[in-house]
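What's counted below: heavy atoms across the whole structure, side chains too, no hydrogens, waters or symmetry copies.
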Amino acid sequence: MRGWGLFLLVVLQAQQASAGPWGRADEQVYARLAVSRVSLESLDAVRLDSYGEYGLDDDWTLTLKYERLQFDDFSEYDKDGWRITARRSFNLPKSLIASLEAGALKGEAIGGAAGCEALGAEVRAGLGQSAQIGKKQKWDLFWFAEGAVRAHEDGCVRHRLEAGYGQQLVGDLWTVSQIWLDEGSANARSRKYQFELLWKSGFADVSLGTTTEFGGAFEETAAFLALAKTF
């Protein structure tokens with residue numbers, strides 16, 4: 001059992017960390033709930049990921065995140081965590097958006113494994129763009145890239161690069177791809193790729209997708225369903 005404990009400390013990593021550099025309009029609310037079925041080597045788990053944004057004004061956005069990982073047969077390894085940040089977005093030429101963000105976080109399900117459960121701080125910077133392609137038929141797309149540093153009271157440090165690309169397929173159907181690259185202290189190396197189909201219905205955004213670890217020490221895959229809505 002001690003070996004499984006070490007294994008879990010190595011592979012537990014938060015997945016989706018943010019929604020890119022874009023901000024919210026004054027008093028606008030965005031909420032997203034995702035449920036993932038996760039396979040870590042021979043262990044099965046469910047990941048619950050809740051995320052929200054609130055526009056403090058047209059420049060500043062408050063973000064809130066709570067995440068929990070629950071194992072089918074090893075409840076003693078269940079993990080959770082929270083994060084709260086403030087994001088300042090900047091409008092640049094050619095529909096570019098830049099952002100600076102900072103806040104607090106706590107828990108291995110957010111900060112990362114191997115001792116990152118202590119209270120910590122996160123800072124990040126991002127760049128993104130929304131655009132259209134095509135001459136007769138217009139297709140919407142977006143891309144973003146963000147860099148983040150997390151430091152915890154217990155000495156745990158994480159460096160993360162996140163990037164994403166989304167493109168309209170037809171009507172309200174989109175594809176979205178994201179990648180996460182993690183480095184840092186205490187077994188932090190992780191490489192994850194996520195692909196999802198996104199349907200922007202009139203009521204809410206519905207996503208179905210998969211996440212795959214392709215560069216870490218252990219195999220990890222997940223399938224997820226997510227609902228998101230802007231108020």
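The pair Asp182-Arg160 counts as a salt bridge, with a side-chain nitrogen and a carboxylate oxygen less than 4.0 angstrom apart. Residues Arg189 and Glu183 are paired through a salt bridge, judged by an N-O separation under 4.0 Å between the basic side chain and the carboxylate. Taking 4.0 Å as the cut-off between side-chain N and carboxylate O, Lys192 and Glu220 count as a salt-bridged pair.
Pairing each heavy atom of Ala118 with each of His152, the nearest pair is O-ND1, 2.7 Å. Between Arg124 and Glu162, the shortest heavy-atom contact is NH2-OE2, 3.2 Å.
The environment of CZ in Phe203 is sparse: at most 12 heavy-atom neighbours from other residues, nucleotides or ligands sit within 6.0 Å. Heavy-atom neighbours of Trp139 CH2 from other residues, nucleotides or ligands within 6.0 Å: above the threshold of 12.
We find the OG-CG distance between Ser207 and Leu198 to be 4.0 Å, quoted to the nearest 0.5 Å.
Neither side chain, Lys65 nor Thr63, offers a donor N or O lying under 3.5 Å from an acceptor on the other. In the model, Gln28 has no side-chain atom that pairs as donor or acceptor with a side-chain atom of Tyr30 under 3.5 Å. Counting only N and O atoms by type, the side chains of Ser95 and Ser130 include no donor and acceptor under 3.5 Å apart.
Looking only at distances, no side-chain donor or acceptor of Glu53 sits under 3.5 Å from a matching main-chain atom of Thr61.
Both Leu197 and Tyr193 belong to a common hydrophobic cluster when Ile, Leu, Val, Met, Phe, Trp and Tyr are linked at side-chain heavy-atom distances under 4.5 angstrom. By the criterion of side-chain heavy atoms lying less than 4.5 angstrom apart, applied directly or through intervening Ile, Leu, Val, Met, Phe, Trp or Tyr residues, Val29 is grouped together with Leu64 in one hydrophobic cluster. Both Trp82 and Leu62 sit in one connected hydrophobic cluster of ILVMFWY residues. Membership requires side-chain heavy atoms under 4.5 Å apart, directly or through other members.
The aromatic rings of Phe71 and Tyr77 stand perpendicular to each other, their planes meeting at an angle above 60°, with 30° marking the opposite boundary.
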